[in-house]
Amino acid sequence: MDELALRGLTGQRLFAAAREQVVRHYQWMLRTDFLPRIVDPAIVDDVFTRGRRFFEAPGRGTPHGLHPTMPLEFSVAAYRLGHSMIRDAYQWNRVFTTTGPATLFLLFAFTGTSGNFDPGSALPDLDDPNSGAVDTLPTNWIADFRRLYDFTEADRPDLAPPTADGGNVTKRVDSLLVNPLTRLPAGTFDGRGSEIPEIQRNLAFRNLTRADMVRLAGGQQMAGFLGVPALTEEQILVGDRGASLESLTDAQKAAVTAATPLWLYVLREAEFHGGRLGPVGGRIVAEVFHRAIEGSRTSIVREPSWRPEFGPDARTFRMTDLLLFAFEGKADLLNPLGD
Ligand code: HEM
C-alpha cells in the first residue's frame, strides 16, 4: 500500500492495486521458488511453459469452467507429500530450540484447533481445548524467521541463524514420517469429543485409509494414465533410504507392488528423484497449481509478461523476498526475541 500510494493511488483503487500485486508476487513465489523445491524443476517448467496435459487440460475430458477444482489424486495422495517433510522438533526461536525444545507436540499445544495452549500437556489432555490452565500464547513464542528460512540465499548472510543451534530445513521428501505423527491430537483431524481408536491417530494410516475410502487410483494406474514408466517392483519394495517394507508377508508384498497406494508411490518416486516429486507425483502437483493460478481472478498464468517489482530484480521473488519486504529487511522485525 505504501509503495503504490507513492504513485498517487488512493482509496479503493489503492487497495485493489495492492491486492493484485500481492497475489501476483505470491504466485510468482509459488511458481519459481516453492514448486521447484518440491517437484522436479523440469516438470514445473514443462507445465508452466507448455501448459497442462492431463488435469482440466484443453481438449481433455469435461470442459472446465471458471472455477478450478482439486482432484482426489492431489488432495488424498500427491500433496500429502508435506507429511514427510515435518520434523519432530524445531529451532523455533531463541527460547525454543531443539535443545530447548520446540517439539512437534508443543507446536500442536500452541494452537487453538489442536491444542490447549498449555506447554506441559501431552495426550490425551491435548485433545481437550479447556484442559490447560492458560488460554493465551506465551510472549516468547514469536517465530524467528531467520531460523525457518535461509536468508543467505537472498544474499543476506547477516540474517543467517546463530551458529550454535542453526536453522531448520524441511525433511527430505521420502516415505519416512516422524514418530509424533503416529499419535496425533484429536483436533488435527476434527476428532475432539469422540472416542478415538489409537490407530486413527496415525497420519500414515489415515492417508492410506482415506485413499481406500475414495477408491483412489494406484501408483501404477496413474503412471499408465500419465504415460510415464512405472517404478519397478524392486524400487517399490526397497526404495532409497525410505520406509522398510521388509516385515510384509510375500502376499502383502505382491499386493503392494501390483497396486501401490498412490501416496506411498509418489513418496517412493521422490526417493529416486533427489527428494522431489517425480513423473507421477510432480505432474499432479504442478498441473493442479498451474490450474489454480490460471483460475485466480488475478493470474500470472494469464498475464505471462508480468514481472515482479518488489524483489531484488525483475525475475526474482522468493519466500525470503516476501519476508524481507514485509519485515523491511530488518533483523529485529524478523526476529523480535533476538539471538
Ligand atoms: C504437523 C503438520 C501436519 C499435520 C499434523 C497434518 C495432519 C493432517 C491430517 C490429520 C489430515 C487428514 C487426514 C485424513 O483424515 O484423511 C491431513 C490432510 C491433508 N494434509 Fe496434512 N498435516 C500436516 C502438514 C501438511 C503439509 C505440510 C501438507 C502439504 C504441504 C499437508 C497436506 C495435506 C493434504 C493435501 C491433506 C488432504 C486435505 C483434503 O483432503 O482436503 N499437510 N493432514
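Read the numbers this way: they start at 1 and go in the same order the structure lists the ligands and their atoms. Everything numeric in this text was worked out from a predicted model, so none of it was measured. The analysis underlying the following values was restricted to heavy atoms, covering all of them including side chains, and did not include hydrogens, waters or symmetry mates. Each residue takes its place number in the sequence, starting with 1.
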Using distance alone, determine whether Asn207 and ligand 1 share an N or O pair under 3.5 Å.
no
Thr260 side chain to Gln220 side chain, donor-acceptor N/O pair below 3.5 angstrom:
yes
Checking Leu322 against Arg318 for the side-chain contact (heavy atoms from CB on, under 4.5 Å) test, could you report, in this order, the C-alpha distance in whole Å, the side-chain angles of both residues, the deciding distance, and whether it holds?
CA-CA 6 Å; Leu322 192 154; Arg318 297 155 295 202; over 6 Å; no
Tell me, which protein N/O/S atoms are under 2.8 Å away from atom 21 (Fe) of ligand 1?
His83 NE2
Of all heavy-atom pairs between Ala109 and Asp118, which one has the smallest distance, and what is that distance?
CB-O, 3.9 Å
Ring-plane angle category for Trp141 and Phe96, please: parallel below 30°, perpendicular beyond 60°, tilted otherwise.
perpendicular
Flag the pair Phe317 / Phe310 as yes when their ring centroid distance falls below 6.0 Å, and as no otherwise.
no
Just which atoms of ligand 1 are under 4.0 Å from any heavy atom in Arg210?
14 (C), 15 (O), 16 (O)
For Ile300, run the side-chain contact (heavy atoms from CB on, under 4.5 Å) check against Trp28, Tyr26, Phe48 and tell me which one passes.
Trp28
Suppose we measure from atom 32 (C) of ligand 1 to each protein heavy atom; which comes out shortest, and what is that distance?
Tyr79 O, 3.4 Å
Are there over 12 heavy-atom neighbours, none belonging to Asp190, within less than 6.0 Å of that residue's CG?
no
Closer than 4.0 angstrom: is that true for some heavy atom of Val76 and an atom of ligand 1?
no
Quick test: of every protein heavy atom, which one is nearest to atom 39 (C) of ligand 1, and how far off is it to 0.1 Å?
Ser75 CB, 4.0 Å
Provide the number and element of each atom of ligand 1 under 4.0 Å from a heavy atom of Leu184.
5 (C), 10 (C)
Out of Arg302, Arg52, Arg31, which one pairs with Glu294 under the salt bridge (charged side-chain N to carboxylate O under 4.0 Å, His left out) rule?
Arg52
For Thr188, the ligand 1 atoms with a heavy-atom partner under 4.0 Å come out as 10 (C)
State plainly whether the residues Arg146 and Asp339 are in salt-bridge range, i.e. N to O under 4.0 Å.
yes
Which protein heavy atom lies closest to atom 1 (C) of ligand 1, and at what distance to 0.1 Å?
Ile86 CD1, 3.5 Å
Can you name the nearest heavy-atom pair linking Arg183 to Phe105, along with the distance?
O-CZ, 3.3 Å
Quick check on Phe108 - does any of its heavy atoms sit under 4.0 Å from an atom of ligand 1?
yes
Hey, which atoms in ligand 1 end up nearer than 4.0 Å to a heavy atom of Phe189?
10 (C)
Ignoring hydrogens, tell whether any protein atom lies closer than 4.0 Å to atom 41 (O) of ligand 1; use the non-hydrogen atoms only.
no
Where does Thr209 meet ligand 1, judged by heavy-atom distances below 4.0 Å: at the side chain, the backbone, both, or neither?
neither
Compute the centroid of each ring, for Phe327 and then for Phe145, and state whether the two points are separated by less than 6.0 Å.
yes
Side-chain donor-acceptor pair under 3.5 Å between Ser114 and Thr111, yes or no?
yes
